[in-house]
Amino acid sequence: MQLVVARIGRAHGIKGEVTVEVRTDEPELRLAPGAVLATDPSSVGPLTIATGRVHSGRLLLRFEGVADRTAAEALRNTLLIAEVDPEEVPEDPEEFYDHQLIDLDVVTRDGTVVGRISEISHLPYQDLLVVGRPDGSEVMVPFVAEIVPEIDLEAQRAVIDPPPGLLDDSQAEIASSREDS
């Protein structure tokens with residue numbers, strides 16, 4: 001099975017390094033020197049990681065055969081894809097691969113059916129579960145422990161504890177109000 005582990009950003013410096021947007025909870029495993037990764041678009045790869053380092057909080061990678069800024073810039077927006085055994089699970093029991101979450105039924109704590117997870121949206125600061133509702137609409141649920149307290153892979157369901165307004169706009173609460181001066 002193929003798993004997107006990163007997206008290449010802009011070139012860094014003049015020696016072929018690139019910034020990467022990490023999309024895996026295991027970058028030390030998936031993005032280590034020597035790793036051979038498929039790419040999307042496939043015509044760019046496969047790419048072999050030559051070196052990796054963290055600079056100012058960002059992961060920088062250099063690939064074999066990419067020796068200068070021009071070659072590095074040509075890789076911008078390429079997705080890096082690792083081959084993963086479908087039976088493999090993350091070491092941390094609180095982490096999940098996207099394929100484990102897709103198609104899980106989503107219910108509230110009281111058992112109310114919300115829908116089914118159709119995709120995972122990876123944003124820079126948090127992931128969102130995109131849930132298809134029975135009426136055809138979608139709701140985006142922040143994938144944080146306070147809102148998604150339980151993932152039960154055996155039962156194929158995710159239990160959510162949505163704040164007011166997440167599932168129904170009419171129940172939204174105003175957190176604060178400003179007074180006109």
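Basis for what follows: all heavy atoms, side chains included, without hydrogens, waters or symmetry-related copies. Given the structure is predicted, the values throughout are model-derived calculations rather than measurements. One-based numbering along the sequence shown.
Between the side chain of Arg62 and the main chain of Val18, no donor-acceptor pair closer than 3.5 Å is present. Remark: the backbone N or O of Gly13 is paired with a side-chain donor or acceptor of Arg69 at under 3.5 angstrom.
The line from CD of Gln156 to CG of Asp103 is 8.0 Å long, rounded to the nearest 0.5 Å. Note that CG of Asp68 and NZ of Lys15 are 12.5 Å apart. Values are rounded to the nearest 0.5 Å. Once rounded to the nearest 0.5 Å, the distance linking CG of Leu128 with CD1 of Ile120 reads 9.5 Å. Residue Ile81 holds its CD1 atom at 13.5 Å from CZ of Arg30, rounded to the nearest 0.5 Å. Rounded to the nearest 0.5 Å, atoms CZ (Arg157) and CZ (Arg116) are 14.0 Å apart. To the nearest 0.5 angstrom, Leu129 atom CG is 4.5 Å from Ile117 atom CD1.
Under the rule for a side chain to side chain contact (heavy atoms under 4.5 Å, CB included), Ile14 has no partner lying at least two apart in sequence or in another chain.
For the pair Pro163 and Glu146, the minimum side-chain heavy-atom distance is 4.5 Å or more. The shortest side-chain heavy-atom distance between Met140 and Ser121 does not fall under the 4.5 Å cut-off. Side-chain contact between Arg10 and Glu73 is present, with at least one heavy-atom pair separated by less than 4.5 Å. Looking at Leu104 and Leu153, their side chains come closer than 4.5 Å, going by heavy atoms from C-beta outward. Between Glu138 and Val131 the shortest side-chain heavy-atom distance does not fall below 4.5 Å.
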Which side-chain N or O atoms in residues 31-54 pair as donor and acceptor under 3.5 Å with protein atoms at least two apart or in another chain?
| residue | atom | partner | partner atom | Å |
| --- | --- | --- | --- | --- |
| Thr39 | OG1 | Pro41 | O | 2.8 |
| Thr39 | OG1 | Gly45 | N | 2.9 |
| Arg53 | NE | Glu17 | OE2 | 2.8 |
| Arg53 | NH2 | Glu17 | OE1 | 2.9 |

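Phe63 and Val22 fall within the same hydrophobic cluster, defined by Ile, Leu, Val, Met, Phe, Trp and Tyr side-chain heavy atoms under 4.5 Å apart, directly or through other members. Following chains of ILVMFWY side-chain contacts shorter than 4.5 Å, one cannot reach Leu59 starting from Val4, and the two form parts of different hydrophobic clusters. A single hydrophobic cluster is not seen to contain both Leu79 and Leu75; linkage of ILVMFWY side chains at heavy-atom distances under 4.5 Å, directly or through other members, places them apart. At a threshold of 4.5 Å between side-chain heavy atoms, the hydrophobic network of Ile, Leu, Val, Met, Phe, Trp and Tyr places Ile151 and Leu166 in one connected group. Both Val5 and Val66 are part of a single hydrophobic cluster, where members link through side-chain heavy atoms under 4.5 Å apart.
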(request) Evaluate the side-chain contact (heavy atoms from CB on, under 4.5 Å) criterion for residues Leu60 and Thr19: first the C-alpha distance (whole Å), next the side-chain angles of each, then the deciding distance (0.1 Å), finally the verdict. (result) CA-CA 5 Å; Leu60 301 178; Thr19 61; 3.5 Å; yes

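Pro162 approaches Leu167 most closely through the heavy-atom pair CG-CD1, 3.6 Å. Looking at every heavy atom in both residues, Glu119 comes nearest to Ile102 through CA-CD1, 3.3 Å. Taking both residues in full, the closest heavy atoms of Pro134 and Gly115 are given as CD-CA, 4.2 Å, listed atom of the first, atom of the second, then distance.
In this structure, Val113 shares a hydrophobic cluster with Val107, Val159, the cluster being traced through Ile, Leu, Val, Met, Phe, Trp and Tyr side chains under 4.5 angstrom apart.
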